[in-house]
Amino acid sequence: MKKMKSYYTCKYIFVFICICGTFVIRETKKAFISLSCGVIPALTSILQHTQDHLVIQNIVLLFHEVLSSKTGRVDVAITLVSHDTIRLLLEILGSYKGKDTVDDGHLLILYGVLAKIGHYGQNALQVIQHGGITTLLQLLDPSSWVAASKRGRRMLRIFKAVLQVLLHLSVSRAGRQALTEISAPSALLAWCYALPISDESWDHLVVQASTIIQRCLPPLALDVISLHHPVSFSLPGKEIIPKDFENPGGVGEFLDDESSSSSSGDGTSDQEDTEVQVPCEALENQLNVEDLKNYSKFFPELTSKEVERVTKYSSQTENAVEGNEMTDVIFSRERSPLVSVIVTNDGSQMNNFSEKAFAQESSDQGNILLKSAKQIKQGEDFLEKINFSEVYEDMTSRTLHQIPFVKIAYPEMKGDPCRAILEPLNVQKTGINRNKLLSHVENRLNCSGSDELLVVYDLDKLLCDENSQSETFQGLENKDEERVLQQYVGPHLKFESRFESGNLRKAIKVKDKEYDLILSSDMNTDYHHQWFYFEVSGMEAYLPYTFNIINCEKSSSIFTGGMCPLLFSVKESMLGRGKWVRTGSNIAYYKNHYIRQGTTSSVLRGKPYYTLSFTVSFVHAGDVCYLAYHYPYTYSLLQTHLYCLENSYDTTMVYFKKQNLCTSITGNPVPLLTITAQPPDALRPYVILTGRVHPGESNSSWSMKGTVDFLLGNKPSAERLREMMIFKIVPMLNPDGVINGSYRCSLSGEDLNRQWLSPNSKLHPSIFHTKALFYYLKSIEKTPLLYCDYHGHSRRKNVFLYGCSPSQSWWSCDREKPDSHCYESLPVLLHHMAPAFNLENCNFAVERNREGTGRVTVWRQFGVAMSYTMECTYGGCDQGIYAGYHLNVNHLEEMGIKFCQALGKLWTGISKASGWSSMNLIIDPFLLGNKRLYSQDEKSICDLRMSSTSSQSDEFVEDSADEGQT
């Protein structure tokens with residue numbers, strides 16, 4: 001009895017020492033590392049002779065704490081190997097098999113120790129030599145655990161820990177060889193199939209197991225000649241090398257344009273920007289006074305010789321500020337066009353009309369309204385008589401492209417893109433992602449060679465064909481309707497992407513009704529694969545065809561959030577029902593086994609690809625259909641729309657000027673639009689809008705179309721807005737990328753929205769000259785009131801704004817500046833006016849890697865406080881009246897309209913004396929200063945919406961009436 005009592009006393013003393021040691025390690029790890037290395041032999045000896053679980057548990061915990069230290073991890077791991085500790089740990093682990101009484105926390109710690117030890121090559125060999133892989137694989141079998149179904153998530157954590165050990169082992173060549181020798185890939189695949197399907201929390205284990213299997217198999221490269229685009233473009237100026245070629249990952253090009261990685265707070269310490277200076281502007285040194293004078297031609301409204309008449313509004317604001325000159329102009333909400341006044345510096349008003357003058361004024365107004373009505377009628381007649389297809393065909397003949405096109409795409413020729421109905425987001429069935437991933441893995445394991453696969457479309461081969469190379473830019477046409485009448489149904493589908501904005505590089509038939517598709521990269525790069533737009537024909541009716549796009553790059557996608565691809569049927573169009581419709585079932589997005597090989601970027605080399613998979617059943621046999629990532633909006637379509645607007649707007653009420661700001665590096669004109677009220681007034685402030693800097697973001701073009709159409713329309717709210725401001729609009733900053741089917745870059749191979757700091761006039765002409773417009777306005781003391789760049793977002797729902805807050809900047813000097821929060825006013829207004837807009841998604845952080853964007857550059861260098869990026873989702877909404885539905889073209893155009901209407905409500909007055917960048921805002925009190933706006937509490941947002949409906953002013957109601965006319 002005394003011996004047993006003495007044993008238990010020593011045991012508890014030892015356990016107490018282990019617990020104290022663990023605490024000391026946590027508090028002073030550096031000091032304890034040398035001690036722990038000396039104690040390890042003794043602890044290992046105890047492990048070898050004891051069967052007491054409490055002692056074992058505390059020794060393992062001590063090992064885990066030591067290995068968690070970055071300082072001594074390697075030394076301790078080597079010491080553990082030299083004393084045969086790994087073998088003992090594996091024996092302990094094997095002895096736990098089938099024992100349901102073992103503490104799960106202890107098991108997780110034990111696995112953690114093995115994972116940390118196995119991370120080093122020599123240690124991994126020890127695990128392999130002692131049969132550790134076999135032990136680990138046996139422990140993955142759920143049937144070996146008693147009452148495993150009752151463990152639930154604890155079993156999930158244990159399996160995850162086991163896979164972590166195997167992942168570390170598979171990094172080494174010896175580990176992969178050992179896994180292959182015992183047929184671990186096949187065993188892991190069978191284990192994945194045995195996991196519960198009803199619970200998606202197990203899917204992550206399937207991804208880990210797939211990664212282990214991938215490492216054990218030979219590298220799988222894409223079946224293409226080169227990762228670069230099949231067509232190359234020689235850049236102007238051989239001495240200029242695009243920066244993105246060397247470091248494509250330096251600016252986060254695989255993130256959406258304004259995706260904020262640190263959305264909460266500034267998240268930046270002063271240490272991060274010590275001795276850091278914001279880059280100086282190179283363009284300012286390139287443009288001297290004489291150069292800036294050349295840009296006066298883009299501001300013809302400032303030199304208009306027409307007699308300018310300033311109208312007084314019946315509801316005067318009390319916030320008028322005196323100016324240095326004789327008169328100031330005061331704008332308010334309600335217009336009374338028949339009374340003109342002069343406001344003197346002492347605040348008195350001098351009526352400058354007599355009864356005779358009043359009668360003349362009334363007569364002039366009547367003539368103007370009559371002429372305006374005639375103009376509107378003439379515009380409507382023009383749009384009714386015009387043949388849209390012929391105009392579009394003419395515009396395509398003027399468009400310069402690098403890819404030899406063979407046809408004009410049918411959908412854009414029709415001009416009416418979508419159905420006026422709400423289409424629900426896809427509700428993904430449980431297990432679809434997992435099943436498709438496992439099917440991909442199984443195909444790899446059972447693959448007998450690639451000879452069985454049939455390549456049905458190969459852009460590289462077609463471009464090498466002499467007939468394709470001889471295609472000219474002239475004479476493109478569309479014969480899809482003739483092909484539909486032939487009703488061709490072949491042994492496999494036919495594909496085509498050689499048309500404007502098309503993107504499909506290769507199509508491979510892998511099964512009877514299944515095709516693997518490979519997208520082209522952006523031109524002059526070997527990355528950015530996301531935008532797709534291609535034709536498919538020769539199908540049978542009502543049979544499921546599966547398409548797998550196998551070289552996507554982003555680790556997540558909005559397709560997993562319910563977005564569906566788009567389908568356009570030529571046959572349906574011939575029957576009078578031709579629109580883009582959402583399509584696809586069994587939609588999945590997962591990491592596949594393909595890896596990058598042969599890339600010029602060390603950052604991307606060896607990175608994985610992802611697969612977008614969806615199934616489509618076509619309604620008509622022998623149809624010609626188009627599949628697209630989003631509603632296409634081509635450069636030729638833009639030119640067609642502008643042509644229609646130029647010939648249909650009301651010239652008596654609207655000042656509209658279309659100019660060519662510059663030409664792209666391939667020679668395509670970059671349009672610049674000027675819109676204001678007739679007659680032009682030099683006292684009006686400027687608003688500058690840009691769009692489509694990223695070619696794949698076609699949703700931004702549809703929103704921009706809504707904005708332009710509204711500004712040129714005849715609604716009262718549009719008329720008021722034109723009288724308030726002058727709009728300068730560059731609707732498409734990257735026409736070359738749009739034309740040639742790129743997703744993010746221009747033909748220089750660079751992201752143009754990272755070039756605003758120092759744009760090159762040869763490589764980035766649209767950015768260079770757009771920025772020069774800002775410099776010109778600054779030189780004449782007319783800095784724009786607001787700037788907004790229209791974008792699309794591929795991973796978030798809703799529509800939202802990114803702005804610039806000094807208090808949320810990465811730079812400490814910015815955070816020391818006063819923050820007026822005026823940039824929050826427009827998002828708050830949009831939150832109440834636009835159903836698709838969501839204030840919670842907005843972000844005002846200024847991040848260091850966003851300094852080259854238009855939003856941040858305009859804010860920092862030109863002092864435009866309200867400098868925004870507007871992000872429109874590709875998918876749908878998760879809030880508001882559109883919750884659970886896709887946003888179609890009508891909704892995107894509505895967003896562009898709402899943006900303009902919000903500007904009209906934002907504006908009340910401006911004073912020359914205070915500078916053109918300052919303004920006075922009068923907004924209903926419930927919209928400003930309400931902390932609930934920025935709360936994540938759903939109830940607060942709900943209260944806010946209720947407040948907005950009960951507090952709307954008459955002007956809100958008036959705009960709602962305008963919207964009903966749309």
Side-chain angles (χ1 to χ4, degrees), residues 291-311 313 323 325 327-331 335 337 340 368 371-372 375 379 642 645-662 669-691 704 707-715 717-731 769-788 858 862 864 866 900 903-904 907 909-912 915-917 919:
D291 292 332
L292 283 177
K293 287 182 179 179
N294 294 330
Y295 287 90
S296 62
K297 64 185 178 183
F298 297 117
F299 298 87
E301 67 279 0
L302 295 179
T303 58
S304 175
K305 296 181 180 180
E306 298 182 54
V307 178
E308 297 183 2
R309 176 172 47 82
V310 180
T311 58
Y313 291 73
E325 299 182 1
T327 60
D328 287 330
V329 181
I330 301 177
F331 296 98
R335 188 169 64 89
S340 297
I368 291 174
K371 187 177 179 181
S372 174
Q375 287 275 329
L642 293 180
L645 290 172
E646 283 182 289
N647 290 277
S648 62
Y649 77 98
D650 181 6
T651 58
T652 61
M653 304 296 289
V654 182
Y655 179 91
F656 176 45
K657 188 83 171 178
K658 174 178 173 284
Q659 300 170 283
N660 291 331
L661 176 65
C662 60
V670 178
L672 170 67
L673 312 180
T674 303
I675 304 175
T676 188
Q678 284 282 24
D681 189 343
L683 296 179
R684 294 168 187 156
Y686 278 88
V687 169
I688 297 183
L689 307 176
T690 59
M704 182 65 76
T707 293
V708 175
D709 288 350
F710 175 81
L711 291 175
L712 292 176
N714 57 359
K715 293 184 176 61
S717 54
E719 184 181 348
R720 289 198 307 273
L721 190 58
R722 290 193 299 265
E723 291 174 345
M724 293 175 182
M725 303 171 184
I726 301 174
F727 288 85
K728 290 287 181 182
I729 302 175
V730 186
H769 293 288
T770 301
K771 191 172 183 181
L773 298 179
F774 285 92
Y775 271 115
Y776 179 80
L777 288 174
K778 183 180 179 181
S779 70
I780 61 173
E781 299 182 354
K782 291 183 181 292
T783 298
L785 181 73
L786 179 143
Y787 168 69
C788 187
V858 170
F862 301 102
V864 179
M866 292 194 295
C900 294
L903 282 183
W907 171 264
I910 191 167
S911 170
K912 288 176 59 179
W916 284 91
S917 62
M919 66 178 182

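With respect to Glu301, the salt bridge (Lys or Arg N to Asp or Glu O under 4.0 Å) criterion is satisfied by exactly one of Lys728, Arg684, Lys782: Lys728.
Taking the ring centroids of Tyr787 and Phe774, they lie under the 6.0 Å cut-off. A distance of 6.0 Å or more separates the ring centres of Tyr776 and Tyr686.
Taken to the nearest 0.5 Å, the OG1 atom of Thr707 stands 11.0 Å off from the CG atom of Leu712. Rounding to the nearest 0.5 Å places CE of Met724 at 11.0 Å from CD of Glu719. How far CG of Asn660 is from NE2 of His769: 11.5 Å, rounded to the nearest 0.5 Å. One finds the OG1 atom of Thr674 at 5.5 Å from the CD atom of Gln659 (value rounded to the nearest 0.5 Å). Note that the OG atom of Ser648 and the CG atom of Asp709 stand 8.5 Å from one another [nearest 0.5 Å]. Note that the CG atom of Leu689 and the CG atom of Leu711 stand 7.5 Å from one another [nearest 0.5 Å].
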side-chain contact (heavy atoms from CB on, under 4.5 Å) assessment of Phe299 paired with Ile780:
CA-CA 11 Å; Phe299 298 87; Ile780 61 173; 5.8 Å; no
Report the C-alpha separation of Leu673 and Phe727 in whole Å, then their side-chain angles, then the decisive distance to 0.1 Å, and conclude whether the side-chain contact (heavy atoms from CB on, under 4.5 Å) test is met.
CA-CA 8 Å; Leu673 312 180; Phe727 288 85; over 6 Å; no
Passes side-chain contact (heavy atoms from CB on, under 4.5 Å), Ile688 versus Val858? Steps please.
CA-CA 11 Å; Ile688 297 183; Val858 170; over 6 Å; no
Apply side-chain contact (heavy atoms from CB on, under 4.5 Å) to residues Ile729 and Met704 and explain how you reach the verdict.
CA-CA 9 Å; Ile729 302 175; Met704 182 65 76; 3.6 Å; yes
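Contact detail for Leu292 and Tyr775: the closest heavy-atom pair is CD2-CB, 3.8 Å. Counting all heavy atoms, side chain and backbone alike, Pro669 lies closest to Pro671 at O-CD, 3.5 Å. Counting all heavy atoms, side chain and backbone alike, Leu785 lies closest to Val864 at O-CG1, 3.9 Å. Closest heavy-atom contact between Lys778 and Phe862: CD-CD2, 4.0 Å.
Counting non-hydrogen atoms of neighbouring residues, nucleotides and ligands closer than 6.0 angstrom, the NZ atom of Lys657 reaches no more than 12 such neighbours.
In this structure, the side chain of Arg722 does not engage the main chain of Ile675 through any donor-acceptor pair within 3.5 Å.
Thr676 places none of its side-chain heavy atoms less than 4.5 Å from the side chain of Asp681.
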